[in-house]
Amino acid sequence: MILALIHEVFAQNAVDLGALEGVTNGVEALRDAVQPFTPELAASHTGIDATTIHKLAADFTGAERAVCYSRMGASTQSYGGLCQWATNALNIITGNFDALGGAMFTTPAFDNVGLTRRKGAPRTYPEKRSRVSGLPLYNGEFPSAVLAEEMETPGAGQIKGMITVAGNPVLTAPNGRRIEKALKALDFMVSVDIHINDTTQHADLILPGTVALEEPVYDTVFHSFAVRNTANHADALFDRPKGMIPEWEIFARLGNALTGGRDLGPSPSEQLDHALSRGFHAQAVSVDVLKDHEGSLDLGPLVPCLAPRLQTPDGRLNLCPDVFVADLPRLLAHETPTDRPYVMIGRRQVRSHNSWTQNAPRLVKGRNRCTVQINPQDAGDLGIADGAQVHVASRVGHIVVPAEVTDDMAPGVISIPQGWGQGGGQLSAATQTLTASINDLTDDKRVDVLTGNAAFNGLPVSLTPVEMPSAQTAAE
């Protein structure tokens, strides 16, 4: 769909790089790369007719301000890398990148980009590949899809010990039951967590640290993705329980145990002050200044700032890197499997955050919200009534969940929320209602080849109604 919009921008001679004209390469290469991706081809896959795509492209290029935005949902599927590239490319060629009203960047007080500068340094992608299946390392991290195989497969580099930090990969990573089996076989496992859950129940040692309301907080990540430049610092609201160690100190002590060190190092407040002194607003922001302003400072609207911050070796934007172009034939060859005729997507819920909040009684009370949403046409074809139990199966597993028949789903698409399925550990509220984990279905062998990321969304599944026993059989 996005590639078809780019195709139309070129077809309508509407390319306008705006202020990035002087720092952008690869316009003609991008034009050539998207030639096969016509509105007609996109229509055949998306169900959005070609006329609508033509008009959408014209509206986008004709608007005074416009932006194409894609994040998690567009990333966690088989072509997530291409989606993110195409999103940026569409914004760039229409003058909506690093421009007011378009896709802009913060100038944060805590500047992650500035603190990790590699400006001008040569680099390759991938930096290296994983030991077993060869998936790419990016920014120092391997994708979660390799977790189980790296624990299971003998040889040099095999993971034999694990530290988890407020994580629950048995419920939140692909093919969670395979991960659970691998965790059980580890030589040693430590969890820094306040819950005994489906993952931490397998730890040899659980280290409960302080939680957010018991420690000072400055968000070092999401200020970088904000719609306005701000700085916010909050002191602890509650004293930490007697004998409880601050989470940062747990890591400092573990580091000392490994290295023989004794000094805990600078406190989080000291580290934060140092980082703020190197950020965009060093003269205006420090921990003390934030405290003097009740913890919050407004640092003004976003402003164009991309060109001087580019980290590429030549200081220029390349619209058409080879790594993306090389992945386009895979997209052109895409076919929907026929043995499992439905595709599953996840969904987030207002009162649910990953698997962390399911043990809060006020958040889980009421009806069971772990349902499979099904289009009415599909439900009718399968004989599935609203509220009926449905068997959902994929290549790696199966679950049973109640149906929620709704027009919110397109025909052929079902949705199950993430984060549910608690059954292990000691979570009293989370286990009051029987729910299922979407990651008993997701497939760790199904990845975006370009990035290695797990393809959680668009998972081929089959649906069958669960036959309920007759009254006589139930009585017997």
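Throughout, residue positions are numbered sequentially from 1 according to the sequence presented.
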Between CD of Glu404 and CD1 of Ile416, what distance do you get to the nearest 0.5 Å?
11.5 Å
Dump the intermediate steps for side chain to side chain contact (heavy atoms under 4.5 Å, CB included) on Leu137 and Arg129, then the final yes or no.
CA-CA 6 Å; Leu137 179 83; Arg129 292 191 177 274; over 6 Å; no
Within the side chain of Thr435, is there an N or O that forms a donor-acceptor pair under 3.5 Å with the backbone of Gly421?
yes
Are a donor atom and an acceptor atom from the side chains of Thr199 and Asn168 found within less than 3.5 Å of each other?
yes
Can a donor-acceptor pair be found, under 3.5 Å and without considering hydrogens, that links the side chain of Trp356 to the backbone of Ala166?
yes
Within 6.0 Å of CZ in Phe10, more than 12 heavy atoms from elsewhere:
yes
Is there a donor-acceptor contact under 3.5 Å from the side chain of Asp408 to the main chain of Gln373?
no
In short, side chain to side chain donor-acceptor pair (under 3.5 Å) pairs touching residues 3-13 with sequence neighbours left out are Glu8-Gln12, Glu8-His54
Taking side chain to side chain donor-acceptor pair (under 3.5 Å) as the definition, give me every residue that meets it alongside Asp198, ordered by chain and number, with sequence neighbours left out.
none
Hey, are Asp298 and Thr230 close enough side-chain-wise for a donor-acceptor pair under 3.5 Å?
no
Does Ala74 offer a backbone N or O that forms a donor-acceptor pair with the side chain of Ser70 under 3.5 Å?
no
Answer yes or no: are there more than 12 heavy-atom neighbours, outside Met244 itself, under 6.0 Å from its atom CE?
yes
What is the distance from atom CG of Asn375 to atom OG1 of Thr406, rounded to the nearest 0.5 Å?
8.5 Å
State whether the side chain of Ser394 and the backbone N or O of Leu441 hold a donor-acceptor pair below 3.5 Å, judged by distance alone.
yes
Check the side chains of Thr94 and Asn96 for a donor-acceptor pair under 3.5 angstrom, ignoring hydrogens and angles.
yes
State, to 0.1 Å, how close Val287 and Leu276 come at their nearest heavy-atom pair, and which atoms those are.
N-CD1, 4.0 Å
Which heavy atom of Phe110 sits nearest a heavy atom of Leu272, and at what distance?
CD1-CD1, 3.8 Å
Could you pull out the closest heavy-atom pair between Ala86 and Ile6, with the gap in Å?
O-CD1, 3.6 Å
Could you check whether any side-chain heavy atom of Leu20 comes within less than 4.5 Å of a side-chain heavy atom of Phe97, counting everything from C-beta outward?
yes
So, do Ile414 and Met409 sit near enough that their side-chain heavy atoms are less than 4.5 Å apart?
no
Side chains of Pro169 and Ser144: does their closest heavy-atom pair fall under 4.5 Å?
no
Quiz question: by atom type and distance under 3.5 Å, do the side chains of Asn229 and Thr106 form a donor-acceptor pair?
no
Can you name the residues that form a side chain to side chain donor-acceptor pair (under 3.5 Å) with Arg330, not counting sequence neighbours?
Asp327, Asp448
Please collect all salt bridge (charged side-chain N to carboxylate O under 4.0 Å, His left out) contacts where either partner lies in residues 207-222, sequence neighbours excluded, each pair once.
none
Thr124 side chain to Glu127 backbone, donor-acceptor under 3.5 Å
no
Side-chain donor/acceptor of Glu28 to backbone N/O of Gly26, under 3.5 Å:
no
Is a side-chain donor-acceptor pair under 3.5 Å present for Ser352 with Gln358?
yes
Between His334 and Tyr79, what is the ring plane arrangement, given parallel below 30°, perpendicular above 60°, and tilted in between?
perpendicular
Taking 4.0 angstrom as the limit, do Asp444 and Arg178 come out as a salt bridge?
yes
Only one of His293, Glu294, His223 passes side-chain contact (heavy atoms from CB on, under 4.5 Å) with Asn232; say which it is.
His223
Within 6.0 Å of CG in Asp239, more than 12 heavy atoms from elsewhere
no
Taking Thr200 for its side chain and Ile206 for its backbone only, find out whether a donor-acceptor pair lies under 3.5 Å.
no
When every non-hydrogen atom of Ser415 is compared with those of Gly346, the smallest separation belongs to OG-O, 3.4 Å
For Cys320, is there any backbone N or O sitting under 3.5 Å from a side-chain donor or acceptor partner on Trp85?
no
Once you round to the nearest 0.5 Å, how far does CG of Leu30 lie from OG1 of Thr24?
11.0 Å
Are any non-hydrogen side-chain atoms of Met162 and Val190 less than 4.5 angstrom apart?
no
With a 4.5 Å heavy-atom cut-off, do Gln418 and Gln349 have their side chains touching?
no
Drop me the distance from Leu450's CG to Phe324's CZ, to the nearest 0.5 angstrom.
5.5 Å
Compile the donor-acceptor pairs under 3.5 Å between side chains in residues 98-105 and protein atoms, sequence neighbours left out, one pair per line.
from, atom 1, to, atom 2, distance (Å)
Asp98, OD1, Cys305, N, 3.0
Asp98, OD1, Leu306, N, 3.4
Asp98, OD2, Cys305, N, 3.3
Asp98, OD2, Leu306, N, 3.0

Arg131 side-chain N/O to Glu150 backbone N/O, donor-acceptor pair under 3.5 Å:
yes
Measure the shortest side-chain to side-chain distance between Arg351 and Thr357 over non-hydrogen atoms and say whether it is less than 4.5 angstrom.
no
Where do Ser277 and His274 come nearest, in terms of heavy atoms and distance?
OG-O, 2.5 Å
According to side chain to side chain donor-acceptor pair (under 3.5 Å), does anything in residues 57-66 pair up with another residue at least two apart or in another chain? List the pairs.
Lys55-Asp59
Give the C-alpha distance, both sets of side-chain angles, the deciding distance and a yes or no for salt bridge (Lys or Arg N to Asp or Glu O under 4.0 Å) between Glu149 and Lys445.
CA-CA 10 Å; Glu149 67 185 23; Lys445 295 300 182 185; 3.3 Å; yes
pair His45-Met1: side-chain heavy atoms closer than 4.5 Å
no
Between Ile2 and Phe37, does a side chain to side chain contact (heavy atoms under 4.5 Å, CB included) hold up when you go through it step by step?
CA-CA 9 Å; Ile2 306 174; Phe37 297 95; over 6 Å; no
Considering all heavy atoms, the nearest Gly458-Arg446 contact
O-NH2, 2.6 Å
Decide yes or no for Val165 and Asp193: does some side-chain heavy atom of the first lie under 4.5 Å from some side-chain heavy atom of the second?
no
Output, in order, the C-alpha distance, side-chain angles, deciding distance and verdict of side chain to side chain contact (heavy atoms under 4.5 Å, CB included) for Val9 and Leu90.
CA-CA 8 Å; Val9 173; Leu90 177 61; 4.0 Å; yes
Working note: Phe251 + Val192, criterion side chain to side chain contact (heavy atoms under 4.5 Å, CB included); need CA distance, chi angles, decisive distance, verdict.
CA-CA 9 Å; Phe251 299 122; Val192 181; 4.0 Å; yes
Quick one: do Thr371 and Arg347 satisfy side chain to side chain donor-acceptor pair (under 3.5 Å)? Show the steps, please.
CA-CA 11 Å; Thr371 62; Arg347 70 180 187 270; 2.8 Å; yes
Working to the nearest 0.5 Å, report the span between CG of Leu459 and CG of Asn439.
10.0 Å
